[in-house]
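Chain A is the first sequence line, chain B the second, and so forth, proteins listed ahead of strands; every chain is numbered from 1. For clarity, every value in this text was computed on a predicted model and none was experimentally measured.
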Amino acid sequence: MRTVYSLAREEFLSGLRNRWILVYSLSYLLLAIAISPFSLAGLNILGMKAVGKVLSALINISLYLVPLISLITSTVAIVGDRETRYLEWLMSNPVSERAYLLGKFIGLFLSITVATLLGFGVASWFVILFLPPEDVSKYFLLISVALLLSAVYVAMGLLISVLSRTRYHALGTGFLIWFFTVFVFDLFVMSFLLSLLNDPLLASIAATLNPIQGIRLNMISVIDPEMTFLGFTGIGELRENVWLVLGTSQAVVIGYTILFAGLAYLQLRRQDVI
Amino acid sequence: MLEVRGVNKFFGDYQVLKDISFSLGPGEAAVLLGRNGAGKTTLLRCIAGILRYEGEVLVEGIDMAREPIEAKKRIGYLPQVPPVRSDVTGYELFNMYTELHGIDLDADEWFERFALHDAMDLYIDEYSGGMRQRLFLMMTIAHDPSLVLMDEPMNNLDSLGKKLLIDIINEMKGRGKSFLISVHRVSDFIAYADEILVVDDGRLLFKGPVTRLFEGLGISRIFIYAPDGLERRMVEEVGGERIGENRVVVEAENIHETVIRLVEMGVRSFFIEEPGIDVIIRRLRRDEDGL
C-alpha cells in the first residue's frame with residue numbers, strides 16, 4: 001500500500017500541475033461569473049426558478065467537462081510515461097503493474113476531484129447566498145455524482161492509454177469516445193432504443209449503458225426527485241420505478257469503472273510495459 | 001549474485017535474444033559489448049525485470065519472474081536515456097524513489113554528493129543532459145543494490161560525472177557489489193572491468209576476462225605523425241598507408257612489435273586506436289567458425 005500511496009501522491013501532484021486541469025477549474029470560474037446576481041435577478045424577473053436553473057447549468061457543464069478532462073488526463077497517462085521513458089525507469093524499481101495502475105487511477109482521480117471541488121467551490125457562492133440549508137446538501141450530492149462520472153472516465157482513459165502506442169493515438173481515441181458518449185449516443189442510440197423497445201422504462205434502463213446517461217438521470221433526480229421533467233409520456237411506470245433506473249445506472253457506472261480498470265490491468269500484465 | 005540461464009526474448013516473431021546464459025559473482029564487474037541493435041539494452045531490461053522473457057534470471061538466488069519485487073529491491077538500473085519530465089522536480093522524484101525502496105536517506109547529502117544540490121527543486125526537464133544522468137545515477141545506487149545494471153552510463157556525463165561514476169564503481173565493487181555495464185567503447189571501462197561479454201545478433205559470442213579477448217586480437221590501427229623522410233619508410237617498411245601530408249596509418253597485426261619498430265625508426269608521435277567492435281566481432285566469429 002505504501003507503494004500505491006507514493007505513486008498516487010506523485011501522480012496527484014503532477015496532475016495538479018497539468019494545464020488542462022487549470023483550464024477545467026477556470027471553466028467553472030466562468031460559470032460562476034455567468035451566474036452572477038444580475039443573471040439570477042434576470043431569471044427571477046422572468047418568473048423562472050433561478051436556483052433550479054443554476055443547478056441545471058452546473059449539471060450540463062459537468063456532463064461535458066468531467067468526461068472530457070478525465071479522458072484528456074488519463075489517456076496520456078501511461079502512454080506518456082512510456083514515451084518519456086519514465087515507465088522504463090519506474091518498473092526497474094520494486095513496483096508491480098497493479099500498484100502502478102492503482103497509483104495512476106487514485107492520483108488522477110484525486111487531482112480531478114480537487115479541481116472539481118475548486119470549480120464547484122468557486123461557483124458555490126450562490127449556494128451560500130441563495131439556497132435554503134436543505135438544498136445545500138443537494139449541491140454536494142451533485143458534486144459526488146460528478147465525481148462518480150470522473151471515476152468511470154479515468155478508468156476508461158487508462159485502458160485506452162495501455163492499449164495505445166503513441167500519445168496522439170491515445171488522445172484521438174479519447175476524443176472519439178467522448179464525442180460518442182456525449183453526443184452520438186443521445187442523438188442516435190437513444191432514439192433507436194426508444195423506437196425499438198417502445199417501453200420508456202426499458203429504454204431508460206438501456207440508456208444507462210452509457211455512463212453519461214446514467215449520471216444525468218442521477219443528477220436530475222437530485223434536483224427533481226419526482227422526475228417531473230419526464231412529462232406525461234410514460235410517466236407512470238417510469239416514475240414508479242425511478243429507483244430501479246437510478247440503482248441500475250449507479251451499478252453500471254461502478255461496474256464500468258471496475259471493468260475498465262480490470263481490463264487495463266490485464267492488458268498491462270499481458271504485454272511488455274514499455 | 002546474478003545467474004542468467006537460457007534467456008530468449010521475442011518481439012513478435014523477431015527473436016532479439018537467443019539462449020543467453022552467464023553468471024556474475026559478487027564484486028565482479030562485467031562489460032557488455034556489442035554493435036547497435038545486438039540486444040544489449042534488451043538483455044539489461046530483461047535482467048532488470050522490465051521486459052518479459054523466456055528462461056531464468058536469478059538475482060541473489062531470487063527468481064525475477066516469480067518474485068519481481070524482491071529481486072528488484074536488489075537491483076539498480078540506469079537506463080540509456082534518462083526520463084524527461086516537466087511536472088516533477090528532482091527532489092520529488094528522489095523522495096518517491098526512497099519510499100518505493102523503503103529507505104530513509106538524507107536528500108541534501110545525496111544531492112550534494114552528486115553536485116545537484118542547487119537543482120533539487122528544478123523540474124527534471126530543466127536539468128541539463130549531464131545533470132539528469134547524474135540524478136538517475138544517484139537513484140541507481142542510493143538504495144545500495146547488490147547488482148547494478150547500467151546502459152551506456154557515460155552518455156552525457158562530463159569529466160566530473162565520469163570521475164564520480166568510476167569512483168562509485170570502484171567503491172561498490174570493493175564492498176562485493178556486482179556490475180553489468182553496456183558500452184560501445186571498451187576503453188572507458190577497461191581499467192576495472194573483470195569480464196567482457198560480447199553480444200552479437202542476440203547471441204553471447206564471448207564471455208571471459210578482458211585480457212583474453214584482446215590476446216591475439218590482431219589488427220589495431222596506429223595513426224602516425226611521420227616527419228619528412230620517414231613518411232616513405234613507413235609506407236615501404238611497415239606497410240603503412242599515407243592519409244595526408246606527414247600522416248600515415250598502419251594496420252598492425254602485432255601491436256607490440258610494430259610500436260617497437262616505429263620507435264626505433266624515430267617516430268615519436270602516434271596514436272593507437274582501440275580495436276573497434278566490428279574488429280572484435282569479426283575475430284570472434286572467425287574463431288567460432290574455426291577459421
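- The side-chain contact (heavy atoms from CB on, under 4.5 Å) check on A/Leu22 picks up A/Leu26, with sequence neighbours excluded.
- Between B/Val88 and A/Leu13 there is no side-chain heavy-atom pair separated by less than 4.5 Å.
- For A/Leu90, the part lying under 4.5 angstrom from a heavy atom of chain B is the side chain only.
- For the ring pair (Phe, Tyr, Trp, His ring centres under 6.0 Å) test, no residue two or more places apart in sequence or in another chain qualifies with A/Phe12.
- Between A/Leu87 atom CG and B/Ile50 atom CD1 the span is 9.0 Å, to the nearest 0.5 Å.
- For A/Leu102, the side-chain contact (heavy atoms from CB on, under 4.5 Å) partners at least two apart in sequence or on another chain are A/Val4, A/Ile106.
- For chain A, the nearby parts of B/Pro79 are the backbone and the side chain; heavy atoms of each come within less than 4.5 Å.
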Show me, pair by pair, the donor and acceptor atoms from chain B and chain A that are under 3.5 Å apart.
from	atom 1	to	atom 2	distance (Å)
B/Lys9	NZ	A/Asp272	OD1	3.4
B/Lys9	NZ	A/Asp272	OD2	2.6
B/Arg45	NE	A/Glu88	OE2	3.0
B/Arg45	NH2	A/Glu88	OE1	3.2
B/Arg45	NH2	A/Glu88	OE2	3.4
B/Arg52	N	A/Asp272	OD1	2.8
B/Arg52	NE	A/Arg269	O	3.2
B/Arg52	NE	A/Gln271	O	3.2
B/Arg52	NH2	A/Glu97	OE2	3.0
B/Arg52	NH2	A/Leu268	O	3.4
B/Arg52	NH2	A/Arg269	O	2.7
B/Arg52	NH2	A/Gln271	O	3.4
B/Lys72	NZ	A/Met91	O	2.6
B/Tyr77	OH	A/Glu88	OE2	2.4
B/Arg85	NH1	A/Glu10	OE2	2.8
B/Arg85	NH2	A/Glu10	OE2	3.1
B/Asp87	O	A/Arg17	NH1	2.8
B/Asp87	OD2	A/Ser14	OG	2.8
B/Glu92	OE1	A/Arg17	NH1	2.8
B/Glu92	OE2	A/Arg17	NH2	2.7
B/Glu99	OE1	A/Ser6	OG	2.6
B/Glu99	OE1	A/Arg9	NH1	3.4
B/Glu99	OE1	A/Arg9	NH2	3.0
B/Glu99	OE2	A/Arg9	NH1	3.0
B/Glu99	OE2	A/Arg9	NH2	3.3
B/His101	NE2	A/Asn93	OD1	2.7
B/Tyr123	OH	A/Arg17	NE	3.3

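- The environment of CZ in A/Phe179 is sparse: at most 12 heavy-atom neighbours from other residues, nucleotides or ligands sit within 6.0 Å.
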